[in-house]
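Working notes for the structure below.
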Amino acid sequence: MNDKTSPKRDADGGAYRATLNMPDTPFPMRGDLPKREPGWVADWNQNGLYQRLREARQGAPLFVLHDGPPYANGQLHIGHALNKVLKDMIVKSRQLAGFDAQYIPGWDCHGLPIENAIEKLHGRKLTRDDMQARSRAYATEQIEQQRADFKRLGVLGDWERPYRTMDPANEAGQIRAFKRVIERGFVYRGLKPVYWCFDCGSSLAEFEIEYADKQSDTLDVAFEADDPAALARAFGLAALPGDGGKKAFVLIWTTTAWTIPANQALNAHPELSYALVDTPRGVLLLAESLVEACLQRYGLEGTVIATAKGEALQGLVFRHPLHDTVTADQGGKYSYRRLSPLYLADYVTASDGTGIVHSAPAYGVDDFNSCVAHGLAYDDILNPVQGHGVYVDKLPFFGGEHIWKAVPRILEVLAQSDRLFATQRITHSYPHCWRHKTPVIYRAAAQWFVRMDEGEGVFTKDKAPRTLRQLALDAIDHTAFYPENGQARLRDMIANRPDWCISRQRSWGVPLPFFLHQATGELHPRTMEILDQAADIVERGGIEAWSRTTAEQVLGAEDAQHYVKSTDILEVWFDSGSTFWHVLRGSHAHAYPNGAFHAQGPEADLYLEGHDQHRGWFHSSLLLGCAIYDRAPYKGLLTHGFATDGQGRKMSKSLGNTVVPQQVTDKLGAEILRLWVASTDYSGDLNIDDKILARVVDGYRRIRNTLRFLLANTSDFDPAVDAVPPAQLLEIDRWALDRAAELQAEILRHFDVYEFHPVVAKLQVFCSEDLGAFYLDVLKDRLYTTAPKSLARRSAQTALWQISQAMLRWMAPFLSFTAEEAWPVLAGAANQGSIFFETFWKFTTPDEALLAKWSRIRAIRDTANKEIEALRAAGQVGASLQATLQITAGADDAALLRSLGEDLRFVTITSAVTVVDGAELAITVTPSSAVKCERCWHYREDVGADAAHPTLCGRCVSNLHGAGEARSAA
């Protein structure tokens, strides 16, 4: 606080300091947070604070923030801290609002990142049992490390009973959730091109893809017409130029040279206009609108000799570009001595390229759909790229080579065969693996899918009323989004996403407990019973128990001869996406009575994660909630941005701009990290660096110093004995409580929509402007100089005590350690051990007229202060108490000021004020000619009027030895 007007000993050693009510408190000015915070964390743990809070709120309305599980791999980074602190602030604010605010922390434990970590440590040739055992041990170790760091941040939760996706009960719950998705008709098996990562050695879901720039070689490749006469007829020609002896080619353009060896068809748009162009290199088939650009690219001149709509080209047949480079039996089924039929497809455009698309059905969704629609059997689809990115050995010219490394060789062979018309290196946006940051491909594989649109599933028993896409889009409309723009983002993703590939070819994950017939590939007829059996086995012994279970044990010796046990696992997004099903209604039913917040199934109040989770956890949870019980598993979705450095750049070790949360807590305290989260608008990215943290520290000190002043000046106040009834409070004290009530209403509105940065901003303004620069400044004289038990002082303390009660509750969600430290100092005998047992303070309804009156008084006071400051700068006065004021004011302002009576001088912190009627506001400041009172420092004419106290003014004499001064307003 600013103590420039505080009564204290004069330089000449005045003897009256001991008569003042000098404040004192055990709440220290320095927080010493890094040293003291671990003690509070230990106390919370030892005293079972979280469980005691649950007991205290038993029967209260539930508030459930279902935790999006962080991955059990690696030390916490600043993004983890941001996420967990934000969740903690929301849960605590709901707790203070009177809810039973549960927080069950969770961890995502299965999946590829842990397998990768194990392979780096122990090699790639581990058995399935070894991989699972080592992965479980590794995840357990990582969780312990992360849990300690989360607790150090002051996050309150059920840390002794978190959920882990690798807990056998949750693994079993996931299988049961999967069974329910099957029953509702959404699961099927199919051969489809799916995103495939060579580093993962597995398919990827749409959520696991991100786009980054990649360099690729473009190529224009010629396919020779197998029947030139048929091509001529399609264009209404009797023959091609040169009496039909000239070779004819269709040209395609692609950026994926590695797919050319797997070409099986060509596609044209039925409504596009195509041209035959006579050139020195042959007759070329191109989209009419692209002829000029193509010829320029090829360095050729040519003449259009005929045009036709694409629909006329259906059924034409062309030879593979490398048709003549091999014999019929060279390469077996991968021989290039094959034909490519031309099909019609609406996805073809003439925006670039040649207007003709080459089709390798194993490596593109559109290619696959077109070829299958035109009768290509699954067994006839060529798929020469193996799971690790290397061509099969039998592939002519390129067998045994990795596809990325084979591109120069493909270009070379095409050029030698006179089928390469142009090539150019470009940089373009290309899909990459979210984890490995390496390019992925589409690759056809037999996988299990969750269907988005109409179609028949396996073992359907209770078919959903609408498609999964329709259910999910409807659920989005019934979900609250914070910020609101998240709704459009998630809606677009659901509206355009393909079927969800849910199978993975890995070891560390929840099994797809299927048995497939060796000859037909069909599921065993008892599959639904087997799913129940598998869930029971897993619940007793984890996924490892299922891995050790043989086909004979499940099917019996006779059936086991004909069936193969699937080794696929459910992809990790199914793990986390299904947690609501078995955590909210199963493994933590003790926390969530009956496991149901909605008649149809479990529903959390809020899911909260980074905005990337629109394509991740939010997305998979939405699909599974709708697949299982037709609605989202959440009422609201909140997204936050990413932590970036002070210039808004993404943090990276190479840039050297990382902020390590453990280092911040060790140096400044977790409280500063929490205040940074609270004071920053999380709807965008959150900048952090040393300079930003230094500003946060300054803000923290202002709040702490204000709190210390409040606690010090209520240290001798017992509300049960000393509280002044509302009607007897001085007017400025009633205003202060009304202003606090007004602010609290704003704060609670922000808390209701999970906003914190406006709360911090308003709290800081309240501390510095409403309190520090005005109310407490005015109050000091009354607090220090009036009799300790006088109405004037007790009125002030009554207001300060209530403001302190309210302020600690406002702070507690984000400044948890500081609020906990201050609470026993303020609460005294009423202390239950934690501020979080309390609810927000109950104020009376603010008096709007009183608020408006004092708003105007403050404005006049500000004007007076500017005039006083001008005299101070000129050296005519020292402290404001040396000044006297004449305020000329209009009728309304004059009445306002006169209503304060003699107390107006305490409001302006001057020694005398005169109010004069006038047309408009004008303030005259003159130095006082009176003598300064040694005790209160006011300049008064009555100093020395009492001969027994020659250095005191009349009111100080009365306060010390008489009835005490009377105060009415301030």
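Sequential numbering from 1 along the given sequence is applied to the chain's residues.
Atom CG of residue N485 and atom CD of residue Q487 lie 10.0 Å apart, to the nearest 0.5 angstrom. T639 contributes atom OG1, which lies 4.5 Å from atom NE2 of H614 (distance to the nearest 0.5 angstrom). To the nearest 0.5 angstrom, T658 atom OG1 is 11.0 Å from I688 atom CD1. If you take CD1 on I732 and CG on D738, they are separated by 12.5 Å, rounding to the nearest 0.5 Å. Between the OG atom of S834 and the CH2 atom of W40 there is a distance of 12.5 Å, given to the nearest 0.5 Å. To the nearest 0.5 angstrom, Q102 atom CD is 10.5 Å from L584 atom CG.
Residue P34 comes nearest to L668 through the heavy atom pair CG-C, 3.7 Å, listed as atom of the first residue, atom of the second, then distance. The shortest non-hydrogen separation linking E821 to P28 is OE2-CD, 3.4 Å. Scanning all heavy atoms of the two residues, the minimum distance from A796 to L783 falls at CB-CD2, 3.8 Å. In plain terms, the two heavy atoms of R164 and N170 that are nearest each other are O-ND2, 2.9 Å. Scanning all heavy atoms of the two residues, the minimum distance from N83 to E609 falls at ND2-OE1, 3.1 Å. Counting all heavy atoms, side chain and backbone alike, M811 lies closest to L707 at CE-CD2, 3.9 Å.
Under the 4.5 Å side-chain criterion, counting only non-hydrogen atoms from C-beta, D575 is not in contact with M166. Side-chain atoms of F814 and K92, non-hydrogen and from C-beta on, never get closer than 4.5 Å to each other. Between Y103 and L156 the shortest side-chain heavy-atom distance does not fall below 4.5 Å. The shortest distance between side-chain heavy atoms of K84 and H80 does not fall below 4.5 Å. Within the 4.5 Å cutoff, no side-chain heavy atoms of F150 are placed close to those of P105. Using a 4.5 Å heavy-atom cutoff, the side chains of Y754 and S93 are not in contact. A 4.5 Å side-chain heavy-atom check between L737 and L729 finds at least one atom pair inside the cut-off. Between K87 and V155 there is no side-chain heavy-atom pair separated by less than 4.5 Å.
Salt bridge status for E742 with K762: absent, with no side-chain N to carboxylate O gap under 4.0 Å. By the 4.0 Å N-to-carboxylate-O rule, R749 lies too far from E746 to be salt-bridged with it. R152 has no carboxylate O lying under 4.0 Å from a charged side-chain N of D149, or vice versa, which leaves the two without a salt bridge. The pair D752-R94 counts as a salt bridge, with a side-chain nitrogen and a carboxylate oxygen less than 4.0 angstrom apart. Ion pairing of D88 with R674 is present here, as a side-chain N (NZ or NE/NH1/NH2) and a carboxylate O approach within less than 4.0 Å.
Side-chain contact, E37 with T665: no donor N or O sits under 3.5 Å from an acceptor N or O. Between the side chains of Q797 and D716, at least one donor N or O lies within less than 3.5 Å of an accepting N or O. Donor-acceptor pairing under 3.5 Å is lacking for the side chains of Q744 and W841. Between D733 and S795, the side chains place a donor N or O and an acceptor N or O closer than 3.5 Å (distance only, hydrogens not considered).
Counting heavy-atom neighbours within 6.0 Å of E484 CD, excluding the residue itself, gives a total of 12 or less. In this structure, Q58 places its CD atom where only 12 or fewer heavy-atom neighbours from other residues, nucleotides or ligands lie under 6.0 Å away.
Put simply, the side chain of R734 never gets that close to the backbone of L850: no donor and acceptor are under 3.5 Å apart. For the pair D689 (side chain) and K691 (backbone), a donor-acceptor distance under 3.5 Å is present. Judged purely by atom type and a 3.5 angstrom limit, R739 has no side-chain atom pairing as donor or acceptor with the backbone of L851. Judged by distance alone, with hydrogens and angles left aside, the side-chain atoms of D645 form no donor-acceptor pair with the main-chain N or O of M651 at under 3.5 Å. Between the side chain of Q146 and the backbone N or O of G74, at least one donor-acceptor pair lies under 3.5 Å. The backbone N or O of A101 sits nowhere less than 3.5 Å from a side-chain atom of R57 that would complete a donor-acceptor pair. One N or O on the side chain of D718 and one on the backbone of A720 form a donor-acceptor pair closer than 3.5 Å. A distance-only check finds no donor-acceptor pair linking the side chain of R702 to the backbone of C767 [under 3.5 Å]. When atom types are taken as modelled, the side chain of Y634 and the backbone of F618 share a donor-acceptor pair closer than 3.5 angstrom. Judged by distance alone, with hydrogens and angles left aside, the side-chain atoms of R809 form a donor-acceptor pair with the main-chain N or O of T839 at under 3.5 Å.
Classification of the F717-W801 ring pair by plane angle, with boundaries at 30° and 60°, yields tilted. Ring-plane geometry between W617 and H66 is classed as tilted, the angle between the planes lying from 30 to 60 degrees on a 0 to 90 degree scale.
The aromatic ring centres of F642 and H77 sit 6.0 Å or more apart. Ring centroids of F836 and W823 are separated by 6.0 Å or more, keeping the two rings apart.
Cation-pi geometry between R585 and W581 is satisfied (NZ or CZ under 6.0 Å from the ring centre, within 45° of the ring normal).
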side-chain contact (heavy atoms from CB on, under 4.5 Å) evaluation trace for Q51 with D158
CA-CA 8 Å; Q51 293 306 325; D158 196 352; 3.4 Å; yes

Output, in order, the C-alpha distance, side-chain angles, deciding distance and verdict of side-chain contact (heavy atoms from CB on, under 4.5 Å) for L779 and N713.
CA-CA 10 Å; L779 218 57; N713 281 282; over 6 Å; no

Start with the C-alpha distance between S576 and V572, add both sets of side-chain angles, then the distance that settles side-chain contact (heavy atoms from CB on, under 4.5 Å), and finish with yes or no.
CA-CA 7 Å; S576 56; V572 74; 5.8 Å; no

How far apart are the C-alpha atoms of R701 and V697, what are their side-chain angles, what is the distance that settles it, and do they pass the side-chain contact (heavy atoms from CB on, under 4.5 Å) test?
CA-CA 6 Å; R701 285 175 181 153; V697 169; 3.6 Å; yes

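In summary, of the residues considered (W810, F751, Y682, Y482), a ring pair (Phe, Tyr, Trp, His ring centres under 6.0 Å) with F756 occurs for F751 alone.
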